[in-house]
2 protein chains.
Amino acid sequence: MDAMLDTEGKESSATHGAYRRLREMILTGELPPGQKLKIEQLRGLLDTGASPVREALSLLTSDMLVERIDQRGFRAAPVSKSNFEEILLLRCNLEETALRASIANADAAWEDRLVLRHHHMKKASQNGAHDFEDAHKAFHMALLDNAKLPLLLRYCSQLYDLNIRYRYLAAGGSSYKKRDISAEHQQILDAALDRDADSATGHLIDHYRRTGEYLSSQMDS
Amino acid sequence: MDAMLDTEGKESSATHGAYRRLREMILTGELPPGQKLKIEQLRGLLDTGASPVREALSLLTSDMLVERIDQRGFRAAPVSKSNFEEILLLRCNLEETALRASIANADAAWEDRLVLRHHHMKKASQNGAHDFEDAHKAFHMALLDNAKLPLLLRYCSQLYDLNIRYRYLAAGGSSYKKRDISAEHQQILDAALDRDADSATGHLIDHYRRTGEYLSSQMDS
DNA sequence: ATGTCAAATAATATCGATATTTTTGGAGAC
DNA sequence: GTCTCCAAAAATATCGATATTATTTGACAT
């Protein structure tokens with residue numbers, strides 16, 4: 001007597017579905033920063049019960065994409081320039097730590113994973129922006145995950161998502177020029193494969209700072 | 001027709017109450033690491049409904065004190081030596097960043113807060129261990145909060161709590177010797193008041209490393 | 001006009017019950 | 001004796017309804 005509309009055969013759970021859908025909507029700006037998130041409204045939008053919605057919102061609180069106001073419901077996390085700058089700062093700090101640790105643990109299997117992810121990313125860049133975003137994140141996380149520091153990786157992943165949100169908000173996802181991001185990625189990859197930690201972290205941080213400055217300028221408008 | 005048993009006049013909310021209570025139980029080890037957290041069981045323990053328990057567990061997931069296993073409920077987060085060491089590593093990294101930023105923003109109001117927190121901590125050390133823990137955390141967070149980096153502060157606070165849990169687990173909360181923690185705190189405070197970032201961060205990290213090594217040795221047993 | 005208070009409205013938080021899923025336990029086959 | 005499979009039990013996930021709490025509205029007094 002229940003609707004079973006998802007064609008995916010992977011994760012069936014009303015809560016998880018609501019979580020992923022809401023996450024997507026907040027990241028892309030479909031649910032704008034600061035917006036009140038009323039249960040009823042979302043219940044209609046995702047056509048599911050109130051409990052899964054509630055729980056999904058609780059989970060999104062962990063990711064700092066949703067704020068809970070004690071007896072007053074939920075709202076999409078607000079944005080600000082200072083928040084953006086803090087995200088950038090922390091990313092540079094944490095990702096440098098993670099990348100250095102990853103390189104310290106470098107082995108053939110990791111190199112294979114890196115090359116693969118990089119290839120997938122290049123391939124996906126010809127498809128839709130959505131595919132590219134996923135592959136881009138996968139590449140960046142692959143750079144870091146060989147550190148074998150799960151907490152650190154989790155923080156980096158969280159911050160990555162928070163940052164991507166600003167990219168969507170600033171540019172509608174499009175104006176995010178190809179610039180020469182592709183070359184930057186290649187430099188990072190090569191340095192990582194050479195196991196040159198200084199060069200790899202240098203390029204990585206440049207990569208972030210450059211994107212950061214670009215977005216920061218967009219935000220002044 | 002509802003029970004209103006809390007004598008506190010501050011935060012009334014079944015969810016929030018359950019959250020605080022469960023958090024306490026997990027931090028102190030009353031709910032041991034890895035233990036299955038069955039809704040019914042907790043519902044009885046906290047005498048409240050299933051929904052608040054469920055939501056409290058969701059919130060504790062953010063704090064990494066509870067793990068969610070997709071269609072199989074919740075469990076208290078497991079512990080391991082490598083997890084402990086990662087926490088220590090990240091704490092040293094993040095708190096150094098935060099403390100340096102705090103000192104860079106130093107002003108009279110911050111100094112006042114620091115002195116006050118330090119005083120309260122000393123006073124509380126004569127009372128129960130529970131009071132001391134709260135005051136101790138308040139002092140450490142006061143050292144960091146002048147950085148005005150809310151995300152960073154949140155991470156530091158999370159990691160602080162994860163660490164305190166290991167202290168409870170290793171020592172039952174007691175053997176955590178007074179050592180000369182008091183002197184160490186004084187050194188950190190003095191250096192911060194002098195606005196000597198190198199000295200302050202040095203003492204702070206020493207403080208953590210020393211406690212870390214002590215706990216680490218306890219864990220080999 | 002303006003500010004305050006009370007009733008009406010809307011939204012959240014919570015409960016109790018049901019449907020789904022996982023886990024357990026035991027009967028039968030090899 | 002061990003393994004497989006099916007039924008029984010337990011636990012989770014979800015729903016629908018109610019009680020609580022916040023917010024708005026409008027009347028009244030100043």
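Order of the sequence lines fixes the chain letters, A, B, ..., with proteins taken first and strands second; residue numbering starts at 1 for each chain.
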Test item: B/Asn146 side-chain N/O and B/Asn105 main-chain N/O as donor-acceptor pair under 3.5 Å: yes
Main-chain N/O of B/Leu37 paired with B/Arg75 side-chain donor or acceptor, under 3.5 Å: no
Ring pair (Phe, Tyr, Trp, His ring centres under 6.0 Å): pairs with one or both residues in residues 37-61 of chain B, sequence neighbours excluded: none
Pairing residues for B/Arg113 by the salt bridge (charged side-chain N to carboxylate O under 4.0 Å, His left out) criterion, not counting sequence neighbours: B/Asp145
Atom pair distance, as rounded to whole Å: CD in B/Glu55 and C1' in C/dA13: 8 Å
Whole-Å gap separating P (C/dT22) and CZ (B/Arg75): 15 Å
Any A/Ser13 side-chain nitrogen or oxygen under 4.0 Å from OP1 or OP2 of D/dA13: no
Gap between atoms CZ and C1', on A/Arg43 and C/dA13 respectively (whole Å): 16 Å
B/Glu86 side chain to A/Leu152 backbone, donor-acceptor under 3.5 Å: yes
Phosphate-side-chain proximity, B/Ser51 and C/dT12, N/O vs OP1/OP2 below 4.0 Å: no
Would you tabulate the pairs of protein nitrogen or oxygen atoms and nucleotide nitrogen or oxygen atoms of nucleotides 8-12 of chain D closer than 3.5 angstrom?
residue	atom	partner	partner atom	Å
D/dT12	OP2	B/Ile39	N	3.4

B/Arg100/B/Glu96 ion pair, N-O < 4.0 Å: yes
